[in-house]
Structure formats: C-alpha cells, structure tokens
There are 4 protein chains.
Amino acid sequence: MNKITLLIYCKDQSGIIASVTNFIAERKGNIVYIDQHVDREQNIFFMRLESEFFTESFSTDDFKIKFKEVLADRFNMKWRIYSSEAKPKMALFVSKYDHCLYDLLGRYNSGELNLEIPFIVSNHNDLKPIAESFQIPFYHISVTKDTKEEAEDKQLALLEKHQINFIVLARYMQIVSEKIINKYPNKIINIHHSFLPAFVGAKPYHSAFKRGVKIIGATSHYVTEELDAGPIIEQDVARVTHTHSIQDLIAKGRDLEKIVLANAVKLHTNRKVMVYNNKTVIFS
Amino acid sequence: MNKITLLIYCKDQSGIIASVTNFIAERKGNIVYIDQHVDREQNIFFMRLESEFFTESFSTDDFKIKFKEVLADRFNMKWRIYSSEAKPKMALFVSKYDHCLYDLLGRYNSGELNLEIPFIVSNHNDLKPIAESFQIPFYHISVTKDTKEEAEDKQLALLEKHQINFIVLARYMQIVSEKIINKYPNKIINIHHSFLPAFVGAKPYHSAFKRGVKIIGATSHYVTEELDAGPIIEQDVARVTHTHSIQDLIAKGRDLEKIVLANAVKLHTNRKVMVYNNKTVIFS
Amino acid sequence: MNKITLLIYCKDQSGIIASVTNFIAERKGNIVYIDQHVDREQNIFFMRLESEFFTESFSTDDFKIKFKEVLADRFNMKWRIYSSEAKPKMALFVSKYDHCLYDLLGRYNSGELNLEIPFIVSNHNDLKPIAESFQIPFYHISVTKDTKEEAEDKQLALLEKHQINFIVLARYMQIVSEKIINKYPNKIINIHHSFLPAFVGAKPYHSAFKRGVKIIGATSHYVTEELDAGPIIEQDVARVTHTHSIQDLIAKGRDLEKIVLANAVKLHTNRKVMVYNNKTVIFS
Amino acid sequence: MNKITLLIYCKDQSGIIASVTNFIAERKGNIVYIDQHVDREQNIFFMRLESEFFTESFSTDDFKIKFKEVLADRFNMKWRIYSSEAKPKMALFVSKYDHCLYDLLGRYNSGELNLEIPFIVSNHNDLKPIAESFQIPFYHISVTKDTKEEAEDKQLALLEKHQINFIVLARYMQIVSEKIINKYPNKIINIHHSFLPAFVGAKPYHSAFKRGVKIIGATSHYVTEELDAGPIIEQDVARVTHTHSIQDLIAKGRDLEKIVLANAVKLHTNRKVMVYNNKTVIFS
C-alpha cells in the first residue's frame, strides 16, 4: 500500500475539489482525509488530502508527473506531495537551556515523533551529556560576533551532509541569519517564550512581569528575517498572579515552551501546516 | 443564489467523496466547505459539505430527489440537506434560573443566533417579565407529579402549533419524558451543570464541592431517555480552589453554562453536529 | 455585627502582621480572612484582612481613627478600610455594543453583583431600550470633537450628583480624558478586546487576524492617561484557528469581554484589588 | 538565618491568627508568608505561615517545644513545622511507561525540584536504562499475584533504608496495598489519567473515547485504600474532538499527566498541601 499526503494552494475557483477527488478516484485511490479552507478576503483556496493506493502499479513519481500535467498547471496550484514512508530529518539547535531538549528527546525515544534526528548542534558544550545519553551525535560550533559567518557555514555543511529537511531551534540563543533562513524557508521552527506579538525580543518574562499581565504564553513560529515575526504555528498560555516572581514565570513558561514546541514539530512533520501571507493554515 | 448544507453518514467505502463532489460539479455547484471524518473502529464515514448554486434553474427539492436516486441509495447513506434560507425554530424551556435565558435572548437580540424563538415555556411564572422585555410569547404550564402527562400534552401542542424544529432546556428543572424525546430525537439540547460523566443527576456542584475537585465543568448534550447520558455536544471547564464555597461554584458555573449552551445551540443550528453511537461528530 | 475590610500597603518591615492582628484582637475582632503579599524586588508589603466585630460599642469611624494613630502612621502605611454595609455605586458608560451591557445588567438583576447602578450614560441612543427594560435611568450625552469638553462636564456632574464610586466603560468607544481620570484614579475599569499588551488601540481583532495568532484575548484594566496601558485587573483567552474570519473573532471575543469585565467588576467591588507601580495585586 | 514553614489545622475560633503571629514576633521572627482558610461548613481553620529567624540562638527544636506548650495544646491544633533546609526524599515507583519518569528526572536534573531521589523501583526492567542515564539507583522488584506481599516487604525495606519521606507513583501499574498506604498516609502521590471522579479505574482513555467527551483530563491525588478516590491535589484538562482516536487521547493525555504530576510533587514538597475530609487545601 502507498499513502500520500497532498497539499494544495491556489486562487479559489470552481471545480477544484471535484477535479482533484476525481483524479484520485481514477487512480483507484481511497481518500482517507480531506479538508479545505478558503481565505475569503484573499480569495485563496487551500486543501489537504490523504489517499491510499492499493494497486501494485502505483508510483508516487508518476502520480506527481500526472498531477502536475492534469491539475496543477490548469489551476495554477502551488502543491506538495509527500509519501508517508519518508521520515523528515530534523536538526536540533540548542544553547544552554535543557528543558525543550529533554522534552523532544523523551518523545523521540518513546516513538511519539515521526522524524529522525541526525544530530544536535550547539554554541555551547553544556548539553553534550544529554545528547550522549540519548546517543545522538552532538556538534559544538561556537558562535561569536566575529565567527558567526564561519559558524553558519559549518552549520550549513552539517545540514547538507545530513540531508536535513527542517531545523528546530530549541531555545537556541542566537539569531539565525538570512543565509540559513533562505535555504530553509518556512522550515526553521523557533519557540519564543511569550504570547506573540506581545513581548518580542529578549527577556519576555521580565517584560511580562513588569507589565503585570495575568496570563503568560509561548509561541512557536517559522523563522523569517524579521525577529519573532514569522508565521505562528502554535501558541499556548498559562495563568499567573502577582505572587509569581520572574523566576516563577520562567519556570511556568518552560512547561508551555515544551508543549508548544513539541506540538509545532508534530504539526510540521505530519504535513499539517501551510504558510501564506506570513500566516499558517493548520489542518486538524 | 441557493446555498445548501449536506450531511452524510454511511459505511465507509471507496469513492464516496469523488462521487459526491462530482454530483455537485455536474450541477454547477461551487463547494465552499467540505470536511469528512471516518470512525475507523466502527468503519463509518461522515461528511459535511456546503455548496452554492448560481444557476436560476436550481431547485433544492429536485436536488434532493436526484441525490437520493443517484447517490444516497447507492451508498446506503443516511443524509440530510438543509437550505440556508430556512431558520430553525427553537422552543425555550425554562424554570426559575435566569442566566441562560438572559444570555440566549441577549445573543438572539444582537443577531448572533441563526434561529427564531416562537415562544418560551416554563413551569413557573418567575421569568415571564424577562420574556416580555424581549417581546417573546411566554407560556406558563405548571408541572406536578399528577399533571405531568397533561402538561407535556400542552407542551407538545405548542411545539406542533409553532412548527418547532428543536428544543433547548435552559436550566429547565423537569425531566422530559419519552413522549417528547421520541418526537424530537437528537433535537432537545440540555445544559448539565457538571463535567459529564462526572456528577450525573441533581446538585452536581454540591457533589463537586464534596469531592474536592480542582476544576468544575458544564456539558451540553442531546436528551435521551437515560438521564444526563445523551450525546455530548460541548463542554467547558473552570478552575476552582478550596476557597470556593458551594455558592461560589454555582456562580462560576453559571458562566460556563451560558457559554456551553450557547455554543451548542450555534453548532446545532449551523448544522455542524452529527450523532451516532450516542456520540457526536462536530464539524468545525 | 460589623464587618470591615482592611487594605494595607507599605514598605516591607518586621512586625506588621503581628501588630495588625494584635490591634484587631484587642478590639475583640474575629479575623475571617487574611492574606499578604511581598514584592521582593520593590520591597513592598501588601495585606488584605477581613474582620468581624460583635461588640455593640464597635464603631468603624473610631476604628479608623485609632488605626491611623496606632499603626498607619507608625508603619507609614497607605490604607483603606471599607464597611461591608456600603454598596459601591457604579456608573456604566456605553456606546452601541450591547453584549457587555446585557451581561452586566443580567448579573445585576440576578443579585450576583454587590453594587448599585444609579445610571447608564451613552454617547448614542441605541441602547436606551435595554436600560429601560432593566429600569435604570439612561442619559444620552453626545460626544463630538467640538463638544467633548462640555460632554465630560455633563458626565462629571452626573457622577457627582449620584455619588458614583467607580466607572465601568462597557465598550464605551470614546477616550476618557485626564479630567475624569484624575477624579477617579484606579476607579475607571475598561474592557479592551485584546490580550494586552498585544494589539493596543483600535481594531485589535483585525490586527489579530492579520498577524495570524492562534489565541485571542480580552483584558480589563484601570484607565490611565496612556491608552490601554493601565494596571491589568483580569485577562482571559480563547483559541482560534485559520477558519475564523474577523467576524468570528469578534463574536468569540464578545464572550471573553463579557466575562473578563464582569470578573474585574466583582474583584473591584469586593475590595480585592490593590494597585502599585501600574500593576495590580489581586487577592483571592 | 533559619526559615521554617508552619502548617496548622484546628477548630475555628477567635484569636488564633493574633496568637500565632505574636508568638513569632516575640521570637524576633519575620513572617514572609501567611495565608489562612476557614471551611465554614465544617468550621475548621487552616493556616500556612513562613517565618525567618535571624538570631543566632534560634533553634527549630526549641521552637517546636514551645509552640506545642504555648499554642498547639491551647487551641487543640494539628500542626507540622518544617525547616527549609531539609529536602524531602522521594521514592519513584514506575512500570513501563516512561513519559512521567523522563519528565520528573529532567526537572530534577535542571534543579527545578526541591527534593532528593534516592532510588527508582519498578516491577519491570524496561526503564532501567533511563534511571542509569540519570545515574539514579534502580531496583527491579517483580510483582505477581503470588509474590505481591513479599514484593511489598522488599519495597518497604528500601523505603526505610533510604529514609523516604514520600512516594510518587509515576504511572506505576500496580495497586499499592494497605500496608504501605498506612505507613505513608497522604504521602503517596498517584497520577490518574482521567478527570476524576469521571472514569475511575482501568483504561480511562478508552472510556472517555466511548462516552464521546470533548475534554479529557488527568488527576494527581494522594493514595487511599479506595481506588482513585483519595484527596485530589491537582487536575488539568485538554480539549479533544471526534477526530481523536484512542491513541490520540493517550498521546495528548501523556502531556497532561506529566504536568499534573510534576505540579503535585512541587506542591507537596513545598509544604503547600493540607488534607482533611478526603479533600485538600492548596496554599498558593
């Protein structure tokens, strides 16, 4: 059995759904998931579809070629087709905070995540023992003002060598530059420790404390050139009170960060996220 | 323009989605919403679809006839088709508590609800002034052990006279009997003031207080013969602490009840609920 | 029986709690609630205390005089003492949106709120019928760029005449000027339809939609001269998805606004809020 | 500097707070936290107080002796005094599920938990590698119907040898018998994977799925002889929909279980929990 996931994005127009479902039916596909969304303001159509094919002759590559010829060109679609066999390869970037790292590796070890982690990279050596206890290669690439370009070249070499599909910044305390972002557009997931767009930038828990908010949050988003302004994938919040010190906010926030980042990673690897206009469509 | 909403429910089998979307396309329909769900344990397929038809010759009645012939019989579907023009008629049953009544009537007045309220009925006279201030007919039908059957006959006569489509029990403190339930299967919405299945029956806030729970809830569900055991439409919860008295739980619960009931009413009237196996599928 | 609520705020120092509880004990008071908070960064001490006095000779006025002499001056306290008999008088300012008005009046009618509403004032006539149906005096004071000062003078005259203790802006779509703010410092409660400090100012739901947030919020705060920047009393949030239009956000937001505003009003009238450094301490 | 935490529980009566705060003041103590609660139904008074003592001559033991003589006997208090120096010793009981184990050990390693973990015990060997990677002694004590008594004797010997203060059942899939419960009254924390009192006993996610609830939960509670009926310490919930399979509920539930259990452990070790009438008072 072959299973594919199809993501489509084009100008809204009549007949797309019927055409696509017909195309699948003609190839004896069994649609097991279909969902669509129309942004009425922008007049854009989005679709996510999963289909199983039981015929021996089925080939994902042939399907792609025909899909392009018959449908994608006709409707001027942007589209992606994923085979369910391929596990995406994720690079983990960390610094000194260990909570998101522990959380992701714990889930990875339990088989909860549909991905591979070829390596962990860090600008510090502190988390090396954790990487080792989970038996994942750990690379230390220090980053200073002067060595940043060189460091990013090393990172890019690692990413290429390991055929990395997407990057997760698990509280990586460095700004990733344009060069890497452009190689991984909407493929770098960051976790920001505030309820964006509130408290962009450094020390958001300090700002939240100062402002006296009654709820704190965490936000995972794709990295774009503008700091903390990329498409939001997932957010969550927790109540706080005047009794919470900054340290308490940080501790409570860690639990938010872990879950929000893990959920974003799952949504990404399950091909449930589509990006447009700096926003996301998240299929359920 | 004609707009219809189609709800389908049948054994899962290949080709349903393609057949239905084709059927719509052949009639020049523009599908503006499609969502589907498969219960893999029970092998049941569910679909909700909205389509617009711009041809002058379109007739919902013809569509229904053809749909039955061409598709419904072939796939052995249970199905319903609603025209978006028809506003469902809701009967409101209340007793003495006014919070859900105020809330629903406030929303109704603001145009938030897609429905009509031909009348309010109560076993007490207390809330008559509220009905009057919103200029909705109010019927007082007292219910005692001895008069229950007679009272329900009066209620049924009112329901029939006003061609009521569904009933909302807005903290109506009487058990509705089989006779009415059978006339309105999955069309009577109740709000229960607990997080079902915890605390079935009377005085759930008292039970919650006694058990020392840290979260209370409210549940809206369709009424079935077994008390508080019908298909759940919507639930919500709120945190409580040891400092909350039973009165505090009741006050906090009122806010839950209002929102949970209002959401259930909206889901129902927007044709987003399907019922099977005493559970609901809630389309988004 | 006399019951008082005491709120204290001063530099943190040894012996405050013992001195205050002793002072109460000497007057045969029975402390039924005590809670305290220390802001360790600022070294400020806060206390809220409720005490019952059963002796016939007890006089709140005498208590206040003695309290000042014996304790307040010694510890350089800022303090307030409220008798539980006095119901605070609230003025309601509204414009055209009715949801917060319906909600507050529904609660008021049910006896849920410990306050009096001498009047409702609006810059439009739209909500007059609601005020009338609840039998509360309604004043229409139109506000234009040219008449703003005159209008505020009329408002101030009303506030004074009715001995108003605090003001609630229930989606009042005008900026209240310094003149009124200075007469009611930390006594004007606004409801802002966003999760502050995100989306300050006009049309926050539009901004939230554009940014693609996954959670929206509402914030009630005391009005200060800087727009939407006063001390936050209460916040709440709700999940949204890409399927929600701006209109959906507005509708979902209404439910948040109602509850957040009602909770803020309850906290304020139950003397549970203390303000310092543009933040609040909210006693439970 | 010495710091103590004092927990008191007695019949409500006049003068307790003043007497206790005076007692502290006479010993030059600086109260840094005081909170109290009265259960008005049962007429029981609870207090939690933290005080710092800077005099060299201060002795916690002397304080205890005097406190008993002067206050505890007079008011017929149940009371406990903890020195902040002593870190409680926690035994971890696990079976095969690793998520709560990973979570607690990750927090432990990060210094987030104020406790020591002398050992982990399990009826299976599966999680031994995790214990080893965190360098915590792991004991395998298999439990079968026939060997249960013997196994519990071995467990008790371990508990005694390591002077364990409290036990955490981190998804330990065995029922702990009376013998151990009686040695650790209100000192065994369990995590149950449902929103108690709904879905007591085995396979709660299966029951939740069958009932079609829209929200699932997790509950941490002290273990008593009646299954899943002990005093609730902490609960949390998450929304689910018809699209979630039982496996999805289990996966979502894991995140709830981790956080609810971790929070319960923190509340317990920070001496913030008092138990009475099979309920808890949780100080903030």
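Sequence lines set the chain letters: A, B, ... in the order given, protein chains first and strands last, and positions in each chain run from 1.
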_With a 4.5 Å cut-off on side-chain heavy atoms, are B:Asn109 and C:Tyr102 touching?_
yes
*Tell me, yes or no, whether the heavy-atom count around B:Phe166 atom CZ, taken from other residues, nucleotides or ligands under 6.0 Å, exceeds 12.*
yes
_Are more than 12 heavy atoms, taken from residues, nucleotides or ligands other than C:Lys210, located less than 6.0 Å from that residue's NZ atom?_
no
*Considering only heavy atoms and a distance below 4.5 Å, find which of C:Thr243, C:Thr241, C:Ile259 pairs most often with chain B.*
C:Ile259
_For C:Arg107, is there an ion pair with B:Asp255 - N to carboxylate O distance below 4.0 angstrom?_
yes
*Is it the case that more than 12 heavy atoms not belonging to C:Lys272 sit under 6.0 Å from its NZ atom?*
yes
*Heavy-atom count around C:Lys187 NZ within 6.0 Å, excluding the residue itself: above 12?*
no
*From C:Ser284 OG over to B:His242 NE2, what is the distance, rounded to the nearest 0.5 angstrom?*
7.0 Å
*Could you please state which residues from residues 112-135 of chain C sit under 4.5 angstrom from chain B, measuring non-hydrogen atom to non-hydrogen atom, sorted by number, or 'none'?*
C:Glu112, C:Ser133, C:Phe134
*Are more than 12 heavy atoms from other residues, nucleotides or ligands located less than 6.0 Å from atom CZ of B:Phe46?*
yes
